[in-house]
Enquirer: 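Following this message is one structure expressed as structure tokens.
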Amino acid sequence: MSRWAAWVLGLTCALPVAGSALPGREGTLEPADPHETVVPDLSTRVRALEQSGIVLRGAAAWDAALITEVEAGLSALPPAMRRPPGGPLELVVHPESAPLGLGDGTPTRPDWTEGRARFHLYAYAPSDERRATLRTARLTDVEAERLWRRRAVVHAVVQRWDDARAWSDTPTWRRLSGWQKPFERPLVWKEEARIHYAGAYSRALGQRGASLDLVTFAEELLVPVESVRDDALPVDDRVRCQEFSKARALAELVEHAGLGRLPPRGECPAFEAWAELDALSHFEVLLVASTGRQPESLFGHLMLRPVWREGAVPRGPGFERVVQLVALTGLESRGLGYVVKGMTGGYDTAFLTGTLGDLSHEALELEQRFIRRFRLRLTRGEEARMLERVWELERRGYMGYYFFTDNCASALLFLLNGALEDGRKVRAPGTLWVLPTATLDALARVEVVGKEGGAGPLLEYVPDTLESTGDRAVRSHAAREEALSALAARVGAAEHARLRELHERLQSPEPHVRHAAYDALPAAVSSALDSASTEARATARERLHAYVAHSVRVERAAVDRAEAERLRIERERLLAVKVPVAGAAEAGVRERQRIFESEDALQRRLAVLDRTTLLKDALAAAPRRPPTPEELRALVRADRTEAAFTRATEVQGALNDGVLAEVDPVAFLGEDHRRKVEAETAWAEGARRDSGAGRTVVSVGVDFPDVGRARPVVSVRTAGMAEALGDARLHGFQPSSELRVLDGELSLEPRWGVPRVVGSQMTLVGYRTLLRELPHLRQSTWDSLGWGAEARVDSNPVRALPHQASVQAEALMVLDEGERFSRFTAVGVGGLASVRWSGHAPLTPAAGPRLSVAHRTGLPGSGANAVRLEAAYAPTWRVGDEHVTHEAGASLQVEWWLGRAGPFGVLLTPRAQVRWEGSLAPPPLREPLSPTTWWAGSSERRLALGLEMR
């Protein structure tokens, strides 16, 4: 008999014990007399267990302590689950010790033998596995042994049920940890989970597969540490208040199998105070867009925002919460190693709950990226599950980060799919490449019925973008021009001329010039207001107030840019002396995981999650080298810019308290916001919903070759990403930018047999932007120009060297532009370098200048309707030639949105294009392409009608 025997035999055993029975009283140990205590002998209890399918052999049948814990383990299960399927379950106890008294699946310490017929137990020994013992730290060894004996019984029985019912193979369970089967995704060779953090599993065994994940979690949920000692763990640290999704999934699986119900969760004070479910309004997906001028932010970034209704205690907008789905890079330098680690899984993806104020400072102010908003149409139950998932994943949701496949977009889908009801799932928009904008497309294609009862897409656009200070400055720049023009008819001519002069100085790129203009602004405003007639005075005051307010907004963009430049310089000074900032990414992850292990300790600690704040704190204490002369000039300029902004706000305050005091500033802000939303709503009504990801266009046309008659041509164009300048897309980039990735076209001549290849071309990557800096932010000529670059390959059987690979870059001068670039004309000047080859000829390099023209005119109706003209000319010199080869091409295309046909949108694209390549050299100096003319070369002319369905 074990060391528990004397203690156990002294206990009162009158309470019901699962599966045990007395003669004539099946399934209960209640005595005939309620005042009588009956203690059945061990053999009776063993037989009762055998009737439940649990067999104890040898010494185990005489171990009273073991029998008691087996009975307690069974009683933790719903009654219908206490008899495991698959025949008798034999429990075998070995005298050898093992951590937690459980086998590890090795030949020396097996957990199961004879298939699932025999489950092995060992003498209890403490374990050094941190996750398994994290919640049991306050238990004595005796209490811990009792706990793990009960959990062993639950483990064995639930494993049998999972084998019979395949619970762990259902999407309900597998989606929570991201379990993937072999070959379910590229480079997945065995079953593995996307969440790789050990703390996300009840113990290490659970990381081996979905089934063991479910079984080990059932141990912890059904036999929690508080079942042995109530004060062993604070309420908020208990598994029922930490693993909401897994607990719900297991309960649903058991209930749907008709095996009863698990106990309800109970109260979880910390979570309930954080979630504020009664005040929750909805969830939004946020798209942090590209800046337009910085290629490192091309693909955008997705985040999640829970939105709460205003309660009795006002919550400022800066304190609203935002869930960031980011790679934890620490503050490592952004070099080649950083890029390689980001593409190969060197970082972890984590879920960070920050504030809207932190996000605004980083994205809207420092990075100058606007944030587009989309509302998720979720049911009330799904909204509650989303909050639970955010709570769980912030603490344990660490996954590998891969730039192309496992990024913010896939993390959002992972979070969302774990919360959707009724088996709904949003599939990733790609296997080898998951784009944020394409993910928005995938969300919008799912039709649901929301909590209001109406049917519609899961994702809805909210026409109220969170503006960057730069975007707001662009809008304010136009608004103050409007206000200044309106003042011309309401104030004196001399006074208006004075305002116009100050206006020109306020657009100076030199901050000290703007500072001086702000000094003179109060007198000019007062003088202008005094010159207005009595009838026009109120309107003049409102216009002057608007002019000053918008000027300060424009200045704010300048000071934010200056702060970002200052941070960049300070970081470069720090990294130049090789001083690590806040440790490597791995150290930061480990520290964060440690902080979140104890809910009680976490609630008493303010976790700093704002990466900008971390950088500033590190810079304040770290040594650095002296600034270079160029850096010093930039720092001085930043200080002067800040001084100009400070002066602007002082002037605004003095005027609002003085001559402009009668203007209601709240009404001004309300009207400004109304106009902004109205403009965005109008734009959204004409914009296409989908992004430019995954496009396919089929064209039918006619070629007119130099020799022979016209021939039919069928072309297929596919693109991983293709968004052109001026495109209006709710899920896309800014209309000022163009991005093409893996954008290729194959042209075939249909004929009997195998079609003949007429030509092919593929843009590997191409980017253009027409976005320029505001006048007062332009420090060089480059700031007043757009730019573009492209890498492509193409083939044309007509050419002597049919295959070509080329790269080109250009500066773009915008001659004309409309609102949101629905209309523009731009001229490009740049260079072209190429290499040509054929199957039998060596590589032939070539290079030369390149000139281009791009034009777009919007047509009535949809924002997708337009006429585009693209033309380019490049004289190149090839190695080995004694003459210049000229390349020229032009295309004219009409884009016309026909609307939606069922689930598909239809875009019609008729196109005319021409291309010529040849030489203007005298005949003796050129190849004999056309001996009868001064110009020699080949031309391609095509008319085509394209059709795109999305």
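Below, all heavy atoms of this structure are taken into account, side chains as well, without hydrogens, waters or symmetry copies.
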Enquirer: Before accepting this row, confirm whether a basic side-chain N of the pair R556/D560 lies closer than 4.0 Å to the acidic partner's carboxylate O.
Expert: yes
Enquirer: With the threshold set at 4.0 Å, does a side-chain nitrogen-carboxylate oxygen contact exist between E383 and R380?
Expert: yes
Enquirer: Whether the side chain of R369 engages the backbone of L364 through a donor-acceptor N/O pair (distance < 3.5 Å, no angle test) should be reported.
Expert: no
Enquirer: From E392 CD over to C241 SG, what is the distance, rounded to the nearest 0.5 angstrom?
Expert: 11.5 Å
Enquirer: Does this structure show an ion pair linking R373 with E284, if we count only N-O contacts that are shorter than 4.0 Å?
Expert: yes
Enquirer: Between R396 and W391, is NZ or CZ placed under 6.0 angstrom from the six-membered ring centre and within 45° of the ring axis?
Expert: no
Enquirer: What residues form a ring-ring contact (aromatic ring centres under 6.0 Å, His included) with F374, not counting sequence neighbours?
Expert: Y461, H731
Enquirer: Between the main-chain N or O of A275 and the side-chain N or O of W308, is there a donor-acceptor pair closer than 3.5 Å?
Expert: yes
Enquirer: Would the number of heavy atoms belonging to other residues, nucleotides or ligands and lying under 6.0 Å from CZ of R130 be above 12?
Expert: no
Enquirer: Hey, are K676 and D464 close enough for a salt bridge, meaning a charged N less than 4.0 Å from a carboxylate O?
Expert: yes
Enquirer: Between E382 and K451, is there a salt bridge with N-O shorter than 4.0 Å?
Expert: no
Enquirer: For R674, does the CZ atom have more than 12 heavy-atom neighbours from other residues, nucleotides or ligands under 6.0 Å away?
Expert: yes
Enquirer: Which pairs would a plain distance check flag for residues 414-422, meaning a side-chain donor or acceptor within less than 3.5 Å of a matching protein atom at least two apart in sequence or in another chain?
Expert:
{"from": "N417", "atom 1": "OD1", "to": "V426", "atom 2": "N", "distance (Å)": "2.8"}
{"from": "N417", "atom 1": "ND2", "to": "L413", "atom 2": "O", "distance (Å)": "3.1"}
{"from": "N417", "atom 1": "ND2", "to": "V426", "atom 2": "O", "distance (Å)": "3.1"}
{"from": "E421", "atom 1": "OE1", "to": "T379", "atom 2": "OG1", "distance (Å)": "3.0"}

Enquirer: When you measure from the side chain of D358 to the backbone N and O of H361, does any donor-acceptor pair fall under 3.5 Å?
Expert: no
Enquirer: Could you grab the distance from atom OH of Y401 to atom CG of D348, nearest 0.5 Å is fine?
Expert: 12.0 Å
Enquirer: Any Lys/Arg nitrogen of R151 or E219 sitting under 4.0 Å from an Asp/Glu carboxylate oxygen of the other?
Expert: no
Enquirer: Salt bridge check, D278 against R309: does any charged N sit closer than 4.0 Å to a carboxylate O?
Expert: no
Enquirer: Are the aromatic ring centres of Y197 and Y398 under 6.0 angstrom apart?
Expert: yes
Enquirer: Taking all non-hydrogen atoms of both residues, which atom of T133 and which atom of S127 are closest, and how far apart?
Expert: CG2-O, 3.7 Å
Enquirer: How far apart are the C-alpha atoms of N407 and H301, what are their side-chain angles, what is the distance that settles it, and do they pass the side-chain hydrogen bond (donor to acceptor under 3.5 Å, both in side chains) test?
Expert: CA-CA 9 Å; N407 48 35; H301 180 62; over 6 Å; no
Enquirer: Any Lys/Arg nitrogen of E276 or R321 sitting under 4.0 Å from an Asp/Glu carboxylate oxygen of the other?
Expert: yes
Enquirer: Under 6.0 Å between ring centres, would you say that holds for F217 and Y201?
Expert: no
Enquirer: Do the charged groups of E388 and R248 touch, with an N to O distance under 4.0 Å?
Expert: yes
Enquirer: Please confirm whether the backbone N or O of R240 pairs with a side-chain atom of R265, one donor and one acceptor, at under 3.5 Å?
Expert: no
Enquirer: State whether W167 and R165 meet the cation-pi test: NZ (Lys) or CZ (Arg) under 6.0 Å from the six-membered ring centroid, and within 45° of the perpendicular axis.
Expert: no
Enquirer: Do E460 and R377 meet the salt-bridge criterion of a basic N to acidic O distance under 4.0 Å?
Expert: yes
Enquirer: Distance alone, cut at 3.5 Å: any donor-acceptor contact between the side chains of T355 and E320?
Expert: no
Enquirer: Taking the basic N atoms (NZ, or NE/NH1/NH2) and the acidic carboxylate oxygens, is any pair closer than 4.0 Å for D231 and R229?
Expert: yes
Enquirer: Apply the test side-chain hydrogen bond (donor to acceptor under 3.5 Å, both in side chains) to residues T353 and E394: give CA-CA distance (whole Å), side-chain angles for both, the deciding distance (0.1 Å), then the verdict.
Expert: CA-CA 7 Å; T353 300; E394 183 178 24; 3.2 Å; yes
Enquirer: Work out which heavy atom in R174 is nearest to a heavy atom in A210; give both atom names and the distance.
Expert: NH1-CB, 3.5 Å
Enquirer: Tell me whether E255 is salt-bridged to R261, with the criterion being a basic N under 4.0 Å from an acidic carboxylate O.
Expert: yes
Enquirer: Sorted by first residue and then second, give each salt bridge (charged side-chain N to carboxylate O under 4.0 Å, His left out) pair with at least one member in residues 397-413; sequence neighbours left out.
Expert: R185-D406, R194-D406
